[in-house]
Amino acid sequence: MASFVQFLQRSGVYAAQGFMIVPRGGFNLVCLRDSKDVRLSYDRGRLQVDDVRLEHVERVAQEYIDTRYGKQKSQERDDQLLRLRTALYATARPQGLARGLKVSAKGVGIPELKATRGNIGIRLEVAILPRKDFTIAFKFLRHLDQSGKVINATKWTPDDVPWFLTRLNWTFGAQTNIFFTLVDATWITVQKALGPKISRDVFRKDIVPLKKRGADLTCFLVGDYDAMATEAAGQYLPDEQVCVVVDQGNPPVFDHGEAFIGVMAHEVGHFLHHKRNMPGSGHHDRGGILLSSGLESLSLDKQLVSNLNAW
């Protein structure tokens with residue numbers, strides 16, 4: 001039976017929900033499995049759907065990765081490009097049963113892409129999303145120890161920021177067409193002995209004022225932080241447009257090595273929720289999805305996409 005599936009994990013294709021996103025004025029990719037004798041139908045005024053043939057693979061894969069990662073080299077970017085090229089070549093074989101589809105946006109809204117064989121059809125709602133861009137700064141805390149010596153409070157450094165940005169822009173860029181541009185990544189020094197765990201009061205009084213003026217969001221790396229149980233390993237302050245993330249993240253909630261970057265994405269998700277003036281905190285009970293009150297991942301779903309960047 002024919003089915004739609006994503007080429008890359010967390011690439012804006014939510015096959016189980018019959019839903020995918022396409023950037024306004026851009027394109028996304030989806031694989032149609034078991035495509036023999038399948039006929040495609042869609043709103044040609046708002047969508048263009050093309051097969052990715054062998055001669056298209058290199059260009060399409062490169063453009064796809066460039067758009068979502070930017071052109072700065074990284075191992076993760078190279079790995080994703082290799083995965084995508086390999087998958088596209090597999091579907092572009094002349095006698096293959098799967099098809100690689102390039103779905104491009106020509107209009108707005110949420111048109112439908114339908115694949116039909118005989119009297120059996122499957123469909124995807126295609127949400128055409130506007131691009132949103134925000135600026136982000138990262139601040140890394142130093143303070144005094146009991147002897148008056150300046151020490152690093154966090155194991156992370158400004159050298160780690162390209163990796164932070166790569167992961168955030170894949171998580172939100174590929175899944176919601178929301179991207180972040182770096183405006184600052186520097187150490188800050190508080191001339192006090194703050195102890196091994198930063199209190200909430202100290203954070204507001206002594207650290208938050210050191211945020212990057214003019215940045216849409218400042219993320220502070222402070223080592224350890226006295227978060228409430230409901231916040232676990234970070235906090236977003238909507239009145240200040242800053243967030244704080246602890247070094248170890250939240251291993252019980254995020255797996256697959258995502259304990260740290262998952263918490264950062266969680267707090268960024270609160271920022272995006274706040275920017276949309278959505279009611280409540282943004283937490284929900286859909287397990288395995290970012291901002292869940294239970295187990296989380298870097299995956300989004302249709303509802304969360306709608307909350308963060310509606311079509």
Would you confirm whether T176, through its side chain, and N309, through its main-chain N or O, come within 3.5 Å as a donor-acceptor pair?
no

Atom pair CD (Q303) and CG (L291), whose distance is rounded to the nearest 0.5 Å:
12.0 Å

For the pair R276 (side chain) and H273 (backbone), establish whether a donor and an acceptor sit closer than 3.5 Å, ignoring hydrogens and angles.
no

Atom pair CZ (F27) and CG (L47), whose distance is rounded to the nearest 0.5 Å:
14.5 Å

May I have the step-by-step check of salt bridge (charged side-chain N to carboxylate O under 4.0 Å, His left out) for K139 and D184, ending in yes or no?
CA-CA 8 Å; K139 297 289 189 177; D184 195 25; 2.6 Å; yes

Answer yes or no: does atom CD of Q146 have more than 12 heavy-atom neighbours from other residues, nucleotides or ligands under 6.0 Å?
no

Hey, any chance L290 and M20 share a hydrophobic cluster, counting ILVMFWY side chains that come within less than 4.5 Å of each other, even indirectly?
no

Within the side chain of S306, is there an N or O that forms a donor-acceptor pair under 3.5 Å with the backbone of K302?
no

With no hydrogens and no angle check, is any side-chain donor or acceptor of N177 less than 3.5 Å from a backbone partner on P23?
no

Within this structure, what is the CG-CG distance for the pair N152 and L221, rounded to the nearest 0.5 Å?
11.5 Å

Any donor-acceptor pair under 3.5 Å linking the side chain of Q175 with the backbone of T171?
yes

Do I261 and L165 share a hydrophobic cluster, counting only Ile, Leu, Val, Met, Phe, Trp and Tyr and linking them when any side-chain heavy atoms are less than 4.5 Å apart?
yes

Option passing side-chain contact (heavy atoms from CB on, under 4.5 Å) with I198 (candidates V222, D226, V246, V244):
V222

Between the main-chain N or O of E112 and the side-chain N or O of E125, is there a donor-acceptor pair closer than 3.5 Å?
no

Between W170 and Y69, does the ring centre distance come in under 6.0 Å?
yes

For H270, enumerate each residue passing the ring-ring contact (aromatic ring centres under 6.0 Å, His included) test, keeping only those at least two apart in sequence or located in another chain.
H266, H283

Please round to the nearest 0.5 Å and tell me the distance separating atom CG of L129 and atom CD1 of I178.
8.5 Å

Here the gap from L308 atom CG to L300 atom CG, rounded to the nearest 0.5 Å, amounts to 6.0 Å

Just by distance, with hydrogens left out, do Q80 and R83 show a side-chain donor and acceptor under 3.5 Å apart?
yes

Return the minimal non-hydrogen interatomic distance between A115 and L32, and the atom names on each side.
CB-CD1, 4.2 Å

Minimum side-chain heavy-atom gap V108-R46 below 4.5 Å
no

Residues forming a side chain to side chain contact (heavy atoms under 4.5 Å, CB included) with Q48, sequence neighbours excluded
D50, S104, K106

Same cluster or not: L272 versus V305, using hydrophobic residues (I, L, V, M, F, W, Y) connected whenever any side-chain heavy atoms lie under 4.5 Å apart?
yes

Partners meeting side chain to side chain contact (heavy atoms under 4.5 Å, CB included) with A215 (sequence neighbours left out):
T135, A137, V183, K212, T218

Given side-chain contact (heavy atoms from CB on, under 4.5 Å), test L141 with V190 step by step and report yes or no.
CA-CA 8 Å; L141 177 65; V190 174; 3.8 Å; yes

I'd like to know if the side chain of R99 reaches the main chain of V52, judged simply by a donor and an acceptor atom lying under 3.5 Å from each other, with no hydrogens or angles considered.
no

Side chains of V150 and L144, heavy atoms from C-beta outward: is any pair under 4.5 Å?
yes

Sequence neighbours excluded, the answer for side-chain hydrogen bond (donor to acceptor under 3.5 Å, both in side chains) partners of S297 is S299

Residues that N28 engages under side-chain hydrogen bond (donor to acceptor under 3.5 Å, both in side chains), provided they are two or more places apart
Y64

By ring-ring contact (aromatic ring centres under 6.0 Å, His included), F203 pairs with (sequence neighbours left out) F220, Y225

In chain order, what residues pass the ring-ring contact (aromatic ring centres under 6.0 Å, His included) check against F138, with sequence neighbours excluded?
F164

Tell me, please, which residues at least two apart from F19 pass ring-ring contact (aromatic ring centres under 6.0 Å, His included).
Y14, W311

N/O donor-acceptor pair under 3.5 Å between S199 side chain and V202 backbone:
yes

Decide yes or no on side-chain contact (heavy atoms from CB on, under 4.5 Å) for I136 and D216, but give the supporting numbers first.
CA-CA 6 Å; I136 189 168; D216 293 316; over 6 Å; no

Derivation of the ring pair (Phe, Tyr, Trp, His ring centres under 6.0 Å) call for F134 and F271
CA-CA 10 Å; F134 297 99; F271 160 76; 5.3 Å; yes

Looking at side-chain heavy atoms only, is the closest gap between R39 and K114 below 4.5 Å?
no

Do I122 and F4 have side-chain heavy atoms sitting under 4.5 Å apart?
yes

Using side-chain heavy atoms (C-beta onward) and a distance below 4.5 Å, is T86 in contact with L81?
no

Would V30 and F7 count as a side-chain contact (heavy atoms from CB on, under 4.5 Å) here? Give the steps.
CA-CA 6 Å; V30 63; F7 278 109; 5.5 Å; no

Can you list everything that forms a side-chain hydrogen bond (donor to acceptor under 3.5 Å, both in side chains) with Q75? Sequence neighbours excluded, please.
D79

For the OG atom of S74 and the CZ atom of R167, what is their distance to the nearest 0.5 Å?
10.5 Å

Any salt bridge (Lys or Arg N to Asp or Glu O under 4.0 Å) involving residues 26-35? Give me the pairs, sequence neighbours left out, ordered by first then second residue.
D34-R117

Contacts satisfying salt bridge (Lys or Arg N to Asp or Glu O under 4.0 Å) that involve residues 277-295 (not counting sequence neighbours) are R286-D301

Are any non-hydrogen side-chain atoms of R24 and R131 less than 4.5 angstrom apart?
no

Decide yes or no for L217 and V268: does some side-chain heavy atom of the first lie under 4.5 Å from some side-chain heavy atom of the second?
yes

Could you give all pairs that pass the salt bridge (Lys or Arg N to Asp or Glu O under 4.0 Å) test and reach residues 141-157, with sequence neighbours left out?
none

Salt bridge (charged side-chain N to carboxylate O under 4.0 Å, His left out), that's the test. Do D239 and R204 meet it? Break it down for me.
CA-CA 11 Å; D239 58 323; R204 273 201 178 267; 3.1 Å; yes

With a 3.5 Å distance limit and no angle check, can you tell me whether E296 reaches the backbone of V253 through a side-chain donor-acceptor pair?
no

Can you find a heavy atom in the side chain of F140 that is under 4.5 Å from one in the side chain of W156?
yes

For G288, does its backbone N or O pair with a side-chain atom of S292 as donor and acceptor, under 3.5 Å?
no

As a quick check of understanding, evaluate side-chain contact (heavy atoms from CB on, under 4.5 Å) for L237 and Q235, giving each step before the final call.
CA-CA 7 Å; L237 305 182; Q235 187 182 12; 3.4 Å; yes

Cation-aromatic face contact R44/Y42, 6.0 Å, 45 degrees
yes

